Amino acid sequence: MKQFEGASVLVTGGTRGVGAGITRVLLRAGATVVTCGRTEPETPIAEFRVCDVRDPEAVAALIDGIVADHGRLDVVVNNAGGAPFALAAEASPRFHSKIVELNLLAPLLLAQAANAVMQRQPTGGALVNISSVSGHRPSPGTAAYGAAKAGLDNLTSSLAVEWAPKVRVNSVVCGMVRTEQSHLHYGDEAGIAAVAATVPLGRLADPEEIGACVAFLASPLASYVTGATLAAHGGGERPAFLSASNVEGNH
């Protein structure tokens with residue numbers, strides 16, 4: 001079913017990893033998808049525009065350009081983000097500032113620009129923020145990232161109240177996803193398999209499974225859903241005490 005036929009969609013960071021999975025799902029659903037990033041990919045999977053989502057002028061130009069070319073903006077997926085491993089005690093103030101800027105302030109900046117367009121459209125629009133389980137549990141080694149994602153989920157609920165009824169705002173709280181960069185986080189295939197075994201569903205997510213969650217939240221199927229955080233984490237993390245306990249039945 002082409003539930004996004006005729007819709008104009010922006011996916012930030014939509015050229016690789018989770019973002020590429022989201023883009024592919026929305027393309028198959030009939031959307032006209034624009035992706036953006038700081039550098040143009042070798043093989044774009046959708047229309048691409050260069051944009052640093054942390055730059056207010058660049059974001060304004062991006063949104064204005066999409067509306068000028070496609071006549072409307074129906075859905076924005078704030079996917080661009082991430083953080084390298086760095087212990088909080090050793091990372092510089094500038095490092096922490098950049099992580100929060102990319103993962104919290106940039107989505108707010110882009111959401112503001114998109115909302116200004118969507119509020120003027122008869123059909124409004126939908127914003128979907130890509131969050132992380134790191135914002136809902138301790139995030140050692142990526143503390144600023146986890147704090148930013150926690151802030152993003154709170155921002156989601158706040159914007160949903162401010163911008164209703166024209167614009168719906170939701171987030172997808174992602175667990176571990178198998179991408180081309182999984183080895184940087186989990187090691188070789190044995191490491192990835194060991195990590196996957198800690199997930200109740202027994203595997204890492206495919207990027208397109210995150211895309212399916214985004215498609216639901218952005219579609220008319222979720223017309224009464226706003227301010228929500230949809231957990232897509234395969235069941236989360238098995239409580240550590242269950243592995244330590246020797247009570248029969250806990251293993």
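Computed from a predicted model, the values in this text were never measured in an experiment.
Considering every non-hydrogen atom in both Asn170 and Gly227, the closest pair reads OD1-N, 3.2 Å. Pairing each heavy atom of Cys36 with each of Leu62, the nearest pair is SG-CD2, 4.0 Å. Considering all non-hydrogen atoms of both residues, Asn103 and Ala148 come closest at CB-CB, 3.7 Å. When all heavy atoms of Val169 and Thr156 are compared, the pair lying nearest together is O-CG2, 3.6 Å. A pairwise comparison of heavy atoms in Ala106 and Val53 identifies CB-O, 3.4 Å as the closest pair. Contact record, Val9 with Ala31: CG2-CB, 3.7 Å, taken as the closest heavy-atom pair.
When only modelled atom types and interatomic distance are considered, Arg72 and Thr123 share a side-chain donor-acceptor pair under 3.5 Å.
Counted within 6.0 Å of CD on Glu5, heavy atoms from surrounding residues, nucleotides or ligands total more than 12; the atom is thus considered enclosed. Within a 6.0 Å sphere centred on CZ of Arg137, heavy atoms belonging to other residues, nucleotides or ligands number more than 12.
Arg238 places a side-chain heavy atom less than 4.5 Å from the side chain of Ser243. Two residues are said to be in side-chain contact when any heavy atoms from C-beta on lie closer than 4.5 Å; Val128 and Val172 meet this criterion. Considering only heavy atoms from C-beta on, Asn79 comes within 4.5 Å of Val18 through its side chain. Two residues are said to be in side-chain contact when any heavy atoms from C-beta on lie closer than 4.5 Å; Leu73 and Leu10 meet this criterion. Side-chain contact check for Val75 versus Phe4: some heavy-atom pair is nearer than 4.5 Å. Contact annotation: the side chain of Glu47 never approaches that of Thr35 to less than 4.5 Å [non-hydrogen atoms, C-beta and beyond]. Counting only heavy atoms from C-beta outward, the side chains of Leu152 and Pro107 approach each other to under 4.5 Å.
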Practice item. Go through the steps to decide whether Val177 and Ile210 satisfy the test side chain to side chain contact (heavy atoms under 4.5 Å, CB included), and finish with yes or no. Key: CA-CA 9 Å; Val177 184; Ile210 305 301; 4.1 Å; yes

Exercise for review: Carefully, step by step, assess Ile45 and Thr15 under the rule side chain to side chain contact (heavy atoms under 4.5 Å, CB included).
Suggested key: CA-CA 7 Å; Ile45 58 177; Thr15 62; 5.7 Å; no

**Study point:** Test log, rule salt bridge (charged side-chain N to carboxylate O under 4.0 Å, His left out), inputs Asp69 and Arg49
**Key:** CA-CA 12 Å; Asp69 291 346; Arg49 304 189 182 199; 2.6 Å; yes

Point to revise | Val34 vs His70, side chain to side chain contact (heavy atoms under 4.5 Å, CB included): CA-CA, chis, key distance, verdict | key: CA-CA 10 Å; Val34 177; His70 300 291; 3.9 Å; yes

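Atom CG of Leu102 and atom CZ of Arg54 lie 6.0 Å apart (nearest 0.5 Å). Rounding to the nearest 0.5 Å gives a distance of 11.0 Å between CG of Asn154 and OG1 of Thr229. Here the straight-line distance linking atom CE of Met176 with atom OG1 of Thr198 works out to 4.0 Å at 0.5 Å rounding. We find the CD1-CZ distance between Ile192 and Arg203 to be 14.5 Å, quoted to the nearest 0.5 Å. Rounded to the nearest 0.5 Å, atoms CG (Asp74) and CD1 (Ile66) are 11.0 Å apart.
Side chain of Thr12 to backbone of Ala80: a donor-acceptor contact under 3.5 angstrom is found. Of the possible polar contacts, none joining the Arg168 side chain to the Ala164 backbone as a donor-acceptor pair under 3.5 Å is found. Ser92 contributes a side-chain N or O that, together with a main-chain N or O of Phe95, makes up a donor-acceptor pair within less than 3.5 Å. A distance-only check finds a donor-acceptor pair linking the side chain of Gln119 to the backbone of Trp163 [under 3.5 Å]. Between the side chain of His233 and the backbone N or O of Gly235 there is at least one donor-acceptor pair closer than 3.5 Å. Looking at Ser245, its side chain never comes within 3.5 Å of a backbone N or O of Phe241 through a donor-acceptor pair. Between the side chain of Lys149 and the main chain of Ile130, a donor-acceptor pair closer than 3.5 Å is present. Judged by distance alone, the side chain of Ser139 and the main-chain N or O of Thr142 form a donor-acceptor pair under 3.5 Å. Under the 3.5 Å distance criterion, the side-chain polar atoms of Ser97 are left unmatched by any main-chain donor or acceptor of Arg94. Checked by atom type and distance alone, the side chain of Thr23 pairs as donor or acceptor with a backbone atom of Gly14 at under 3.5 Å.
Checked options Asn129, Asn115, Val76; the residue passing with Leu110 is Val76 (criterion: side chain to side chain contact (heavy atoms under 4.5 Å, CB included)). Paired with Leu217 under the rule side chain to side chain contact (heavy atoms under 4.5 Å, CB included), one option of Leu230, Leu127, Thr226 passes, and it is Leu230.
Cluster membership check: Leu221 shares its hydrophobic cluster with Val214, using side-chain heavy-atom separations under 4.5 Å among Ile, Leu, Val, Met, Phe, Trp and Tyr. Hydrophobic clustering (ILVMFWY, side-chain heavy atoms < 4.5 Å, transitive): Val77 and Leu108 are in distinct clusters. Leu26 and Phe48 are members of different hydrophobic clusters when ILVMFWY side chains are connected at heavy-atom separations under 4.5 Å. A chain of hydrophobic side-chain contacts below 4.5 Å, direct or via other Ile, Leu, Val, Met, Phe, Trp or Tyr residues, connects Leu109 to Val117. In this structure, Val225 is not a member of the same hydrophobic cluster as Leu159, with clusters built from ILVMFWY side-chain heavy atoms closer than 4.5 Å.
In this structure, the side-chain hydrogen bond (donor to acceptor under 3.5 Å, both in side chains) partners of Asp153, at least two apart in sequence or on a different chain, are Ser131, His136, Ser171. In this structure, the salt bridge (Lys or Arg N to Asp or Glu O under 4.0 Å) partners of Lys98, at least two apart in sequence or on a different chain, are Glu101. Residues that satisfy the salt bridge (Lys or Arg N to Asp or Glu O under 4.0 Å) test with Glu208, not counting sequence neighbours, are Arg24, Arg28.
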